[in-house]
Engineer: 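Before I ask anything, let me first share the structure, which is written out below as structure tokens.
Letters A, B, ... mirror the listed sequences (proteins, then strands); counts begin at 1.
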Amino acid sequence: MDYVVGDGHNEFLQSSSGLAAIIRIFGVTKEGHSVCCFVHGFEPYFYANCPSGMGPDDIFRLHQILEGKMKETNNNYKAPKCIRRIELVQKRSIMYYQQETSQPFLKIVVALPTMVASCRGILDRGIQIDGLGIKSFMTYESNINFSLRFMIDCNIVGGNWIEVPRGKYNKISRSLSNCQLEFYCLFSDLISHAPEGEFSTMAPYRILSFDIECAGRKGHFPDPSHDPVIQIANVVTLLGEGQPFVRNVMTLKSCSSIADVDVMSFDTEKEVLLTWRDLVREVDPDIIIGYNICKFDMPYLIERADVLGIAEFPMLGRIRNSRVSIKDTTFSSRQHGTRESKEVTMEGRVQFDLLQAIQRDYKLSSYSLNSVSAHFLNEQKEDVHHSIISDLHNGNSETRKRLAVYCLKDAYLPQRLLDKLMFIYNYVEMARVTGVPLSFLLSRGQSIKVMSQLLRKAKQKNLILPNVKQAGSEQGTFEGATVLEARTGFYEKPIATLDFASLYPSIMMAYNLCYSTLVNPEDARKLNLPPECVNKTPTGETFVRSNLQKGILPEILEELLAARRRAKADLKEAKDPLERAVLDGRQLALKISANSVYGFTGATVGQLPCLEISSSVTSYGRQMIEHTKRLVEDKFTVLGGYEHNAEVIYGDTDSVMVQFGVSSVDAAMKLGREAADYISSTFINPIKLEFEKVYYPYLLISKKRYAGLYWTNPQKFDKMETKGIETVRRDNCLLVKNMVTECLNKILIERDIPAAVQYVKNTISDLLRNRMDLSLLVITKALTKTRDSYKVKAAHVELAERMRKRDAATAPNVGDRVAYVIVKAETNAKAYERSEDPIFVLENNNPIDHKYYLENQISKPLMRIFEPILKNANKELFQGSHMMSKNNCTPNIGIAKLFGKQLSCIGCKTPISNSDHTLCSQCKGREAELYCKSIANVAELEELFGRVWTQCQECQGSLLQDVLCTSRDCPIFYRRKKVQKDMEQAKQELDRWNF
DNA sequence: ACTCTCTAACGC
DNA sequence: GCGTGCGTTAGAGAGT
């Protein structure tokens, strides 16, 4: 949905004069026909407070003055009127509890949506009214996107089915769009169908997934002013169908045919681009997807066409003769600083970038398409270096076919991810629940979703939302949740966990916390409320109880949670996989929405912050967790008739971990249920403490860091759960993650501590003997800002800078995660001087700093795990023969340089004179034995290399072609490179026998 | 050798 | 015009 400014249609609006906003709704019918609907008659407006005693004459004068001021700022606006009218309406502000149900407000209706902001500015600054002096007006709902305003007022949500009744729409005399159906109508004739029953089905969206390849130059990131677009691959799918119905690729220069793919080759880039434009118009997709299309492919195509002077290319939207525009946007937030990016808007089509979606919804250690596909689809793709892409393009039709297959895979994988992760179902359900359009979910933040729900609910209650001026950040912050002191240790008795269900939403409901129930301290005396009608929160705020007036935040929350219970119940019944997808997406959206209401009220830089609410919520929460701890420890005692004294060993925000002292899981569960029921009864509705699970055994390392076996039934544990420790953190290398995971397995599941110790010793020995796969040593960290904005030097930041100097095209950018290893250097060199790109290390054979990995990566996490379990853990793990390193395996580069190409004895590795070639005097006589060993060594490595190579060929989908992949994310890649190096070395050694 | 600050990532 | 919240741990650089 969007809007344009045009002539209002006179058939509908006799009174309309001049320009007006026309809403355009794009969509698809049940039968799959694309639709463009021009909606007339909806006018932009907002509210302002009405000073008491303001009569019709004053309003007339205000209108005149405003109109005059508006003309000054909108002098290019030709129509006679900017302010259409000012109405006196009865409304109430959502802020603060008030006894009056309503009071007069001014509803100011303007001609165009952009005039809302300029008119608000005039009223904010204040205007001169005869006899009254300069008056400033508080405005209400003056910062709402016009399309969203329309949706709210017409009860339309994102992903909605809309009906336009027979006779209420008219054909357009001159076609304006490329849609199959187009018409115009009046906004009040639209019928919005709530997404229930037959209208909860998904529309049959047409989805285009594409990927482009460019011929970049070495050392440069592809630049549309130099580098041509050489291939574009496309896959088109109908939502809900398993297989795409279009697969094609457009190539510059000839390309051999590919099975089941329509290959189109052209002599000029212009033909490639225009053929793609024609495809987009012919397929007419509702949704365009791809990987990083918003920041790369889409702007690249538009800019490239501009450089080539192809003016007809950017007509990709659903409006006839309208060009797609490219906008420079700056995105700034306190957390992320200012980031510049390009934005391409395409009329009538939603762009859904899988990279953005996955970055929002999943925490991964790498977001490359390769790594994401491996993670979710269990399938790898080749990572071909951009310089090789140019070589393939400049080869022949077979090498270009090679590239086309690669490009097609990059177009198909986003579609596979979209299906696998149910993005359309989950996002459409989120749009339906929160009421915002689908496009907002990727392009906007969390707060717009709460805002949309709040505005809708407020409208039903005749309430309006004020536009509060940004108070600035000095308003500061407020106290959050309590984290109970952690009694660290290894617990070999079951630990029961009690949790408050949806704690913050329940608190807001139970205590009726809302903008509209908060008592303004200035009004308290005047209101004179009896104590049984109010609650005083632990922070000292007063809110009226629901018997006096129900808050709308609690009402929104009740509806969200009730709807979630319904969705979960329906999900249990549902059999059809598509229906299940819809319902599961819905219950998830409802849960997320309920939880973000609290965050919205506490967002000091948000649209309607109210710290009285958020700080009250957390203060009740703190009180409740303390109360729970006290109650458990007071009631479950030997004195109270129980076998043991219960101890709360830990708790965070809404949970307490209790050791009841019993030794069976079953007994702990029974006590857990009893405690939950007993404590719940001491709270008011709907606050409920639930027994959730038992941990047994349980290793508590510190606050927010623990591991344990998770039991929900007394027969068998469900899983091992780890929180906060290295296994779940993304900033540790795989070696550390694997070691910690393996040790926890041995300790918690197998209950075999000596085996865990032996495992650690073996692994350390492997590390020190250089038998560790490089992929296990790669550390990744996010590059969150530009280098200059870092106040201290950090390993990943400095490496990113060095990589940028080497090759700007492949260097990490802000927002990317940087992969690095730590290499040996001079003593006392800082870690940031020793970080290096793993691929660079492979190619240049840099020595790994094993000591760093041992002392700075492995030792502390392991000590934290073993210390509660093992006395003398440090001695047991880090002393003994396994700590001996074999330095001769990795000759120090510095020494090698000093001695030149000094040969060493094949048998014992002692240096020998170059005239001896093979063996030292000591080993002379073992020629036969050692020669055989050399041959065997080469043979073994060749076989190993062959196996790894085949694995990579399988991954790239062809056993007949060279492997080109250089993926930093793929363990096989590192192994292949390492084996290749070892093999070459072994061959050189073998050659020395043949002099 | 110690503390303080910055940065990143997590739990809830 | 846009941006949910706070609490905690831990590594590493920087300063004392």
Engineer: With a 4.0 Å limit, can you tell me whether A:Arg864 has a side-chain N or O closer than that to the phosphate oxygens OP1/OP2 of C:dA10?
Structural biologist: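 Looking at the OP1 and OP2 atoms of C:dA10, one of them is under 4.0 Å from a side-chain N or O of A:Arg864.
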Engineer: Once you round it to whole Å, what is the distance between P of B:dG11 and CZ of A:Arg729?
Structural biologist: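 Rounded to whole Å, this separation is 8 Å.
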Engineer: In whole Å, what is the span from the CG atom of A:Leu557 to the P atom of C:dT4?
Structural biologist: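 That distance rounds to 18 Å.
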Engineer: Just checking A:Tyr362 against A:His375, ring centres under 6.0 Å apart?
Structural biologist: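 No, the ring centres sit 6.0 Å or more apart.
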Engineer: Any side-chain N or O of A:Lys723 below 4.0 angstrom from OP1/OP2 of B:dC12?
Structural biologist: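 Yes, such a contact exists.
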Engineer: With a cut-off of less than 4.0 Å, is there a side-chain N or O of A:Asn856 near OP1 or OP2 of C:dG11?
Structural biologist: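 Result: no.
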Engineer: Return the nearest nucleotide to the side chain of A:Gln446; candidates are C:dT4, B:dG11, C:dA12.
Structural biologist: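 When the side chain of A:Gln446 is considered, C:dT4 is the closest of C:dT4, B:dG11, C:dA12.
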Engineer: Report yes if at least one side-chain N or O of A:Tyr790 is closer than 4.0 Å to OP1 or OP2 of B:dA8; otherwise report no.
Structural biologist: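 So the side-chain polar atoms of A:Tyr790 do come within 4.0 Å of the phosphate oxygens OP1 or OP2 of B:dA8, strictly under.
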Engineer: Using a cut-off of strictly less than 4.0 Å, decide whether A:His796 has a side-chain nitrogen or oxygen near OP1 or OP2 of B:dT7.
Structural biologist: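 The answer is no; no side-chain N or O of A:His796 sits under 4.0 Å from OP1 or OP2.
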Engineer: Would you tell me if any nitrogen or oxygen in the side chain of A:Arg444 comes within less than 4.0 Å of OP1 or OP2 on C:dC2?
Structural biologist: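 Affirmative; the distance criterion is met.
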Engineer: Taking only N/O atoms, report every protein-nucleotides 13-15 of chain C pair under 3.5 Å with atom names and distance.
Structural biologist:
from: C:dG13; atom 1: OP1; to: A:Ala831; atom 2: N; distance (Å): 3.1

Engineer: May I have the distance from A:Asp731 (atom CG) to B:dG11 (atom C1'), rounded to whole angstrom?
Structural biologist: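 Result: 15 Å.
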Engineer: Determine the interplanar angle of the A:Tyr47 and A:Tyr45 rings, folded into 0 to 90°, and report it as parallel if under 30°, tilted if 30 to 60°, perpendicular if over 60°.
Structural biologist: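 Geometry flag for A:Tyr45 against A:Tyr47: perpendicular rings.
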Engineer: Does the cation-pi check pass for A:Lys785 over A:Tyr790, that is, NZ or CZ under 6.0 Å from the six-membered ring centre and within 45° of its axis?
Structural biologist: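 Output yes; distance and angle both within limits.
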Engineer: Is it true that the NZ or CZ of A:Lys719 lies under 6.0 Å from the centre of A:Tyr710's six-membered ring and within 45 degrees of the ring axis?
Structural biologist: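 A:Lys719 over A:Tyr710 ring: yes.
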Engineer: If you look at every strand shown and take non-hydrogen atoms under 4.0 Å, does A:Val728 touch a base, only sugar-phosphate, or nothing?
Structural biologist: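 It contacts sugar-phosphate atoms only.
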Engineer: Output the pairing pattern of DNA chain C as a dot-bracket string, 5' first, Watson-Crick or G-U wobble with both distances under 3.5 Å, | for cross-strand pairs, [ ] for crossing pairs.
Structural biologist: ....||||||||||||
Engineer: Of the residues in residues 505-516 of chain A, which ones touch DNA chain C at a heavy-atom distance under 4.0 Å?
Structural biologist: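 None - not one residue of the stretch has a heavy atom sitting under 4.0 Å from the strand.
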Engineer: Any side-chain donor-acceptor pair under 3.5 Å between A:Asn512 and A:Thr517?
Structural biologist: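 Not at all, the side chains of A:Asn512 and A:Thr517 share no donor-acceptor pair under 3.5 Å.
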Engineer: At under 4.0 Å between heavy atoms, what does A:Ser447 touch on the DNA or RNA strands: base, sugar-phosphate, or nothing?
Structural biologist: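 It contacts sugar-phosphate atoms only.
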